[in-house]
Amino acid sequence: MPCRSDAGEGLYRPCDTYNLYWGCWHSTGLRISEALSLECSDAGDDGLLIRKSKHGKSRLVPLH
């Protein structure tokens, strides 16, 4: 079923955000709290920088 939205072009639709988070969880094994706290600056050439992960540590998650 295609996503439908009244939002203008260039804006994320709620289903786009859902698909983005689902893809992150599926391909990287991120925890929900880690995925929800991601910022654009956390994405780099090496992968995703996860800040304050479990036990307050940071880690780099490679992207496929």
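What you see is a predicted model, and the numbers here were worked out from it, not measured in a lab. Both backbone and side-chain heavy atoms feed into the values below; hydrogens, waters and symmetry mates do not.
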Report task. Quick one: pull up CD in E34 and OG in S58 and give me the separation to the nearest 0.5 Å. Result -> 10.0 Å
Would you be so kind as to tabulate the donor-acceptor pairs closer than 3.5 Å made by side chains of residues 40-51, with sequence neighbours excluded?
| residue | atom | partner | partner atom | Å |
| --- | --- | --- | --- | --- |
| D42 | OD1 | R51 | NE | 2.8 |
| D42 | OD1 | R51 | NH2 | 3.3 |
| D42 | OD2 | E39 | N | 2.9 |

Query raised in the report: Which heavy atom of G29 sits nearest a heavy atom of R59, and at what distance?
Result: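 Between these two residues, the closest heavy atoms are O-NH2, 4.5 Å.
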